*Asks:* 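A single structure is presented below for examination.
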2 protein chains.
Amino acid sequence: MGRITIRDVAQAAGVSLGSASRALNGGKHVSARIARDVTAAAEQLGYEPDFLARSLRTRSSGMIGCLVSDVANPLYASIVQAAEARLRDAGYLLVVANTANEPARERAAAAEFRGRRLDGVLVAPGSDANDETWRGLVAGGAAVVILDRDVPDADGDDWPAVLVDHRGGAQAATRYLIGLGHRRIALLTPGTRMRPGRERIAGFQAAFAEAGLDPIGAIVSAQETSMDFAHGDALALLGAADRPTALIALGTRILAGALRAARDLNLSLPRDLSVLSVGDTDLAAVHAPAITALRWSLEDVGRAAAELLLQRLRGGDAGAAARALLPVDLVLRESCAAPAKS
Amino acid sequence: MGRITIRDVAQAAGVSLGSASRALNGGKHVSARIARDVTAAAEQLGYEPDFLARSLRTRSSGMIGCLVSDVANPLYASIVQAAEARLRDAGYLLVVANTANEPARERAAAAEFRGRRLDGVLVAPGSDANDETWRGLVAGGAAVVILDRDVPDADGDDWPAVLVDHRGGAQAATRYLIGLGHRRIALLTPGTRMRPGRERIAGFQAAFAEAGLDPIGAIVSAQETSMDFAHGDALALLGAADRPTALIALGTRILAGALRAARDLNLSLPRDLSVLSVGDTDLAAVHAPAITALRWSLEDVGRAAAELLLQRLRGGDAGAAARALLPVDLVLRESCAAPAKS
DNA sequence: AGAAAAATTGGAAACGTTTCCAAAAATGAA
DNA sequence: TTCATTTTTGGAAACGTTTCCAATTTTTCT
């Protein structure tokens, strides 16, 4: 004997197929007696509904996709974790796909998601240029929420998105360093074109501008990816005669490279060099001295994204594009101080 | 007009529904002419098959589940990442679910997976005791591969599993420290009951035994989770008169606590204390001095698990349980040295 | 060339649900 | 009590595929 279907349940309860379905779905239009009999029969037979059949009929798979460059990146891992928790509570399954920031893989994944009729997609695009892909996803009936990117909107409609206030954070961090007396500050960041990097640079420069300082002191050292930052780059930067007195480094990898370079050059923190981490990683918290850092809640990003998506799924496609802007905090620790008098 | 179905394609190509399906599935029993016409029509109409309908008919969803305590744990994140890559190549989608190591959530997720007809599941059980859950998954027709756990086998059949040689690794690490002259070595590890922890303790003690040393020197400090290790524990351990001269610490969190404690007590590494990390984290690599560590490839775990699963999916359920045992390497760095003469 | 075998084809059933529709039953009003 | 209205019910259609079966065509062999 095969699997228990709703047909078996209906038969056992002595009612029609349709009634059994209605009873099980808790819907209206069912008498108390039938509801009781059917649930009892289902219980007794150990009936488990088949989601695939249901999905086919209802044209909704009950699944949400998550499209990021790399789930192993702690940044995205935490977002995925939080989003999964929220979506699971709402009865959705989360499927993940890595894009390695390649538009071709983004397109392929989007096509697959469409074919599988995913109800919604959380996506952190790897480039600004790929927006027809997401548009296609929406055309296929999926709700799309963008994770911390600015996706251009062709027809004037904003994409629902969860954004982090990197600009405000970077500005606050830079302001803090300027307040300590630093005049030559370097910002080491990957990705100058896309949102997080671009916003950070903007905030960094805005802090210089608001202090009325010479922008010459605002040294932006940018690379495509954090992989591209070599240990040697940091050495060169810190070894120069007019080296910066403070450093803002993004992420574990760049921060680690910078710290190693400082060590190689016998620069003691925070006396000879102030260091500030963008992103509060294990390394920043545990390093001696502990690194002052910009922190924002990845869990909040995941949660907010899930919430936005659910809201969109429930409310139909009506309603204007909702966006959330999450705050960035400056966590003061031991790695920043006034620069040595020269 | 709605979505393009295979019916439309058949009509456009002037063939029957069945022939169109056969042509598109590249199967036999199709003439060259029809194959050509149908693919052309499909191309021209932009036909995209509906996976849900196909799944319903073929009784296979083309999806693999991944059941771990927490995707945000870098350990699992990397595994998920690698597994996803391999499975995606094979045409499968990966869905993730976090269990927080709670049996109830494991059961719930397994039930959902069964209802959704997932073809296979990668699972890192949170306890040994929950094996009927996985048995139920298999009964539901899913292939199951265990990630680095020993799941008891009731009826003598081994579970397919990808295992990491934690015992060998711990033994090699301990042997190395003993070789340097250490006689009092502490192992700080969470989870004494389950596989990784249990195996590590076994390897640790085996190294003492093979050296013919008094097991008194083998100090096992275990807690339920790495959260439970307080900074104070490490302080107490290292502050005692007969403190260990070497420390093996598992994971970023415990390692960080131990390092902080060492710093608080003004113990300089490696002169006053040798430290060895189980797991090669960012922190271990970047710390000054760099921490000698046990390393194994998480990517290999993910890849091997995916491979095992695919093999099982393709080959039907025939074939004995396959298991992979992955090696652990000792990465020598600067944090270990001979103990100071006392 | 004719028969037997093999390959191809169209039509229909099946997968397990939900939902529509019309018929039946129950309820309410007159 | 009778008719109008609402609620419940059973039967069937639909979702979009794949696959079975029988009928037809093509190929192969004698």
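The chains referred to below are lettered A, B, ... by the order of the sequence lines, with proteins before strands, and numbering in each begins at 1. No experiment lies behind these values; they were computed from the predicted model shown.
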*Asks:* Counting heavy atoms from C-beta on, name the nucleotide in dG10(D), dT18(D), dT17(C) closest to the side chain of Leu17(B).
*Replies:* dT18(D)
*Asks:* If you look at every heavy atom in Ala77(A) and Val71(A), which pair is closest and at what distance?
*Replies:* CB-O, 3.3 Å
*Asks:* Expressed in angstrom and rounded to an integer, what is the separation of Arg7(B) atom CZ from dT18(D) atom P?
*Replies:* 12 Å
*Asks:* For dT26(D) and Ser31(B) - does any side-chain N or O of the residue sit under 4.0 Å from the phosphate oxygens OP1/OP2?
*Replies:* no
*Asks:* Between dG11(C), dT9(D), dT18(C), spot the one nearest the side chain of Arg54(A), thanks.
*Replies:* dT18(C)
*Asks:* Let's see if you can work this out: which of dG10(C), dT17(D), dT9(C) has an atom nearest to the side-chain heavy atoms of Val30(B)?
*Replies:* dT9(C)
*Asks:* If every non-hydrogen atom of Asp119(A) is compared with every non-hydrogen atom of Ser60(A), which pair is closest and at what distance?
*Replies:* OD2-OG, 3.1 Å
*Asks:* Mark yes when over 12 heavy atoms from residues, nucleotides or ligands other than Glu299(A) sit less than 6.0 Å from its CD; otherwise mark no.
*Replies:* yes
*Asks:* Check this one for me: any side-chain N or O of Thr58(A) less than 4.0 Å away from OP1 or OP2 of dT18(C)?
*Replies:* no
*Asks:* Evaluate the side chain to side chain contact (heavy atoms under 4.5 Å, CB included) criterion for residues Leu326(B) and Leu163(B): first the C-alpha distance (whole Å), next the side-chain angles of each, then the deciding distance (0.1 Å), finally the verdict.
*Replies:* CA-CA 6 Å; Leu326(B) 272 40; Leu163(B) 305 173; over 6 Å; no
*Asks:* Just the rounded figure in Å: distance from P of dT18(C) to CG of Leu52(A).
*Replies:* 13 Å
*Asks:* Given dC15(D), dT9(C), dG10(D), identify the nucleotide with an atom nearest to the side chain of Leu56(A).
*Replies:* dC15(D)
*Asks:* Figure out the CG/P separation between Leu24(B) and dG16(D), and round it to whole Å.
*Replies:* 16 Å
*Asks:* For Ser21(B) and dT18(D), is the shortest distance between a side-chain N/O and OP1 or OP2 below 4.0 Å?
*Replies:* yes
*Asks:* How close or far is atom P of dG10(C) from atom CZ of Arg22(B), stated in whole angstroms?
*Replies:* 8 Å
*Asks:* In whole angstrom, give the distance that lies between atom CD1 of Ile34(A) and atom C1' of dA26(C).
*Replies:* 13 Å
*Asks:* Would you work out how much the helix from dA1(C)-dT30(D) to dA30(C)-dT1(D) bends between its ends, with each end axis defined by five base pairs, to 10 degrees?
*Replies:* 30°
*Asks:* For Arg36(B) and dT9(C), what is the distance between atoms CZ and P respectively, to the nearest whole Å?
*Replies:* 12 Å
*Asks:* Counting side-chain heavy atoms from CB outward, which of dT18(D), dG10(C), dT18(C) is closest to Asn25(B)?
*Replies:* dT18(D)
*Asks:* Main chain of Arg22(A), side chain of Asn25(A): is a donor-acceptor contact present, judged purely on distance under 3.5 Å?
*Replies:* no
*Asks:* Would you say Arg59(A) places a side-chain N or O within less than 4.0 Å of OP1 or OP2 belonging to dC15(D)?
*Replies:* no
*Asks:* Around Glu48(A), counting heavy atoms of other residues, nucleotides and ligands shown, do more than 12 lie under 6.0 Å from its CD?
*Replies:* yes
*Asks:* Between Phe113(B) and Arg116(B), is there a cation-pi geometry (under 6.0 Å to ring centre, at most 45° from the normal)?
*Replies:* no
*Asks:* Can a side chain N or O of Thr5(B) be found less than 4.0 Å away from OP1 or OP2 on dG16(D)?
*Replies:* no
*Asks:* For Trp159(A) and Asp131(A), work out which heavy atoms get closest and say how close.
*Replies:* CZ2-O, 4.3 Å
*Asks:* Whole angstrom is fine here: how far is it from CZ in Arg57(A) over to C1' in dT19(C)?
*Replies:* 5 Å
*Asks:* In this structure, how many angstroms lie between the P atom of dG16(D) and the CG atom of Asp8(B), rounded?
*Replies:* 9 Å
